[in-house]
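Read the structure below first, then the notes.
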Amino acid sequence: LLTDPEARSWEEARWVCYRKMLPVKDLEKQFAADEEKLTKITASAEETYKIFDTGSSSYGASKGLVMVMEFYFRPCADYPKGHYFITTKAGILHDGELPLGLFPIIYVGFDEASTSARSYSIIKQLRPYQAEINRSASKIAEHQISLGDDKVLLMNGSSLSPGGTTHGVKAIQVTGSEPKIMAGRSGEQYVGYMAGQISEMYAITNVAEDSQEKMTNGADSYAMLFRSAAEKKQFVLYTDKFQEFESEICDASLRYAKAFYKDEMMIPIIGRKEFVNIAEFRDSDDLSYQIKIEAQSEDLESRFGKQLALNH
């Protein structure tokens, strides 16, 4: 998903480009009656791209695929109702006004940046720690391979030779001074540092708060409930962003449904008893309803709090 490079926020992005790889055969069937567009598809299919194969979890060359780019322009002075272009590198395959003038790309970022239309996930904060953990693990393996075995140090002129064996006991004869044994290295000097990096990474991602036991025997019930409410504030960012995303999806779906859904398509959704209200739904104003996300079920803390209130 490519955004307008001059935009400083998602709302200011004048256009968005969505790139995807599609099979050449499917596009040729779709535009079989247009020779000009078939030429554009064939010309673009000759290029080779390096793509990620989800089946094998590896990168490989694209075969039988062509890159299709979908450009969406917001309503503006040049395009009062917005505009879209579906193109290959060789030319435009299809274009037109945006249906209902609605911008069809819905995007909500996790951690917004003040100078960019793109947002960042929590993974961006974890990458430095993961790199250090990987480096420490690599050094541990390197020491185990290169310095792992014990070594025998002999003075100049000394020598070792095999001795006799009896009842499974192996003897070695030493000529000269007594040898010294230098123990091998297991890389334990990096274990403490790696454990510290893991602990710090878990602290950033609230793993400890998420996995700890919520209830303990003998603890005050109200104290536990208040602590649980305080901990929830750390995870509000996750839920608020997702609720905003769901609300925008629902709003766009209702707008498109009013314009394009036929009556027989709505009956399985709303039921036959509501058939008489379809006309009212199509004529309803956008300001006459409000979308609100409601939880499907209560969590343990909510039910526990209600029970305490009932008891007292």
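We're numbering straight along the sequence, starting at 1. Hydrogens, waters and symmetry mates play no part in the numbers below; they use all other heavy atoms, side chains included.
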Residues which pass ring pair (Phe, Tyr, Trp, His ring centres under 6.0 Å) with H83, listed by chain and number, not counting sequence neighbours:
Y79, F85
For residues 269-282, which residue pairs qualify under side chain to side chain donor-acceptor pair (under 3.5 Å), counting only residues two or more places apart or in two chains?
D263-R282, E274-N277
Please report the closest heavy-atom contact between [X] and [Y], naming both atoms and the distance.
X: S44; Y: V66; answer: CB-CG2, 3.4 Å
X: P80; Y: A77; answer: CD-O, 4.1 Å
X: L153; Y: M182; answer: CD1-CB, 4.3 Å
X: S159; Y: L154; answer: CA-CD1, 4.4 Å
X: P179; Y: V174; answer: CD-CG1, 3.7 Å
X: L93; Y: K37; answer: O-NZ, 2.6 Å

Within the supplied structure, the quantity of interest is the number of heavy atoms (other residues, nucleotides, ligands) at a distance under 6.0 Å from [X] [atom1]; does it exceed 12?
X: Y256; atom1: OH; result: yes
X: K25; atom1: NZ; result: no
X: F242; atom1: CZ; result: no
X: D111; atom1: CG; result: yes
X: N156; atom1: CG; result: no
X: Y261; atom1: OH; result: no
X: I123; atom1: CD1; result: no
X: Y59; atom1: OH; result: no

Does the side chain of [X] reach to within under 4.5 Å of the side chain of [Y], using non-hydrogen atoms?
X: I140; Y: Q189; value: no
X: C17; Y: F71; value: yes
X: L65; Y: I51; value: yes
X: M67; Y: R19; value: yes
X: D95; Y: I86; value: no
X: E178; Y: S158; value: no
X: F281; Y: L254; value: yes

Hydrophobic cluster membership, with links at side-chain heavy-atom distances under 4.5 Å among I/L/V/M/F/W/Y: are [X] and [Y] in one?
X: I204; Y: I198; value: yes
X: L147; Y: V152; value: no
X: V276; Y: I270; value: no
X: F260; Y: M265; value: no
X: M69; Y: I92; value: yes

Answer with yes or no whether the side chains of [Y] and [X] bring together a donor and an acceptor at under 3.5 Å.
X: E188; Y: Y190; result: no
X: E132; Y: Y193; result: yes
X: E70; Y: Y84; result: no
X: D26; Y: Q30; result: no

Carefully, step by step, assess E112 and K241 under the rule salt bridge (Lys or Arg N to Asp or Glu O under 4.0 Å).
CA-CA 11 Å; E112 299 178 356; K241 294 287 186 178; 3.4 Å; yes
Assess the residue pair V16 and L2 against the criterion (side chain to side chain contact (heavy atoms under 4.5 Å, CB included)); give the C-alpha distance rounded to whole Å, side-chain angles, the decisive distance to 0.1 Å, and a yes or no.
CA-CA 6 Å; V16 172; L2 307 179; over 6 Å; no
Tell me if a side-chain donor or acceptor on [X] pairs with a main-chain N or O of [Y] at a distance below 3.5 Å.
X: K81; Y: L102; value: no
X: T205; Y: Y202; value: yes
X: K151; Y: D149; value: yes
X: D251; Y: S247; value: no

Stepwise side chain to side chain contact (heavy atoms under 4.5 Å, CB included) test for L27 and V68:
CA-CA 10 Å; L27 289 176; V68 176; 3.7 Å; yes
Roughly how far, to the nearest 0.5 Å, is [atom2] of [Y] from [atom1] of [X]?
X: I172; Y: K170; atom1: CD1; atom2: NZ; value: 5.5 Å
X: H143; Y: S138; atom1: NE2; atom2: OG; value: 10.0 Å
X: Q197; Y: R135; atom1: CD; atom2: CZ; value: 8.5 Å
X: E264; Y: I278; atom1: CD; atom2: CD1; value: 9.0 Å
X: T3; Y: E12; atom1: OG1; atom2: CD; value: 11.5 Å
X: F103; Y: W15; atom1: CZ; atom2: CH2; value: 10.5 Å

Stepwise side chain to side chain contact (heavy atoms under 4.5 Å, CB included) test for T39 and E36:
CA-CA 5 Å; T39 304; E36 182 181 355; 5.7 Å; no
Applying the salt bridge (charged side-chain N to carboxylate O under 4.0 Å, His left out) criterion to D4, which one of R14, R118, R74 satisfies it?
R14
Would you please test I133 and M201 for side chain to side chain contact (heavy atoms under 4.5 Å, CB included) and show each step?
CA-CA 10 Å; I133 294 171; M201 182 175 67; 3.9 Å; yes
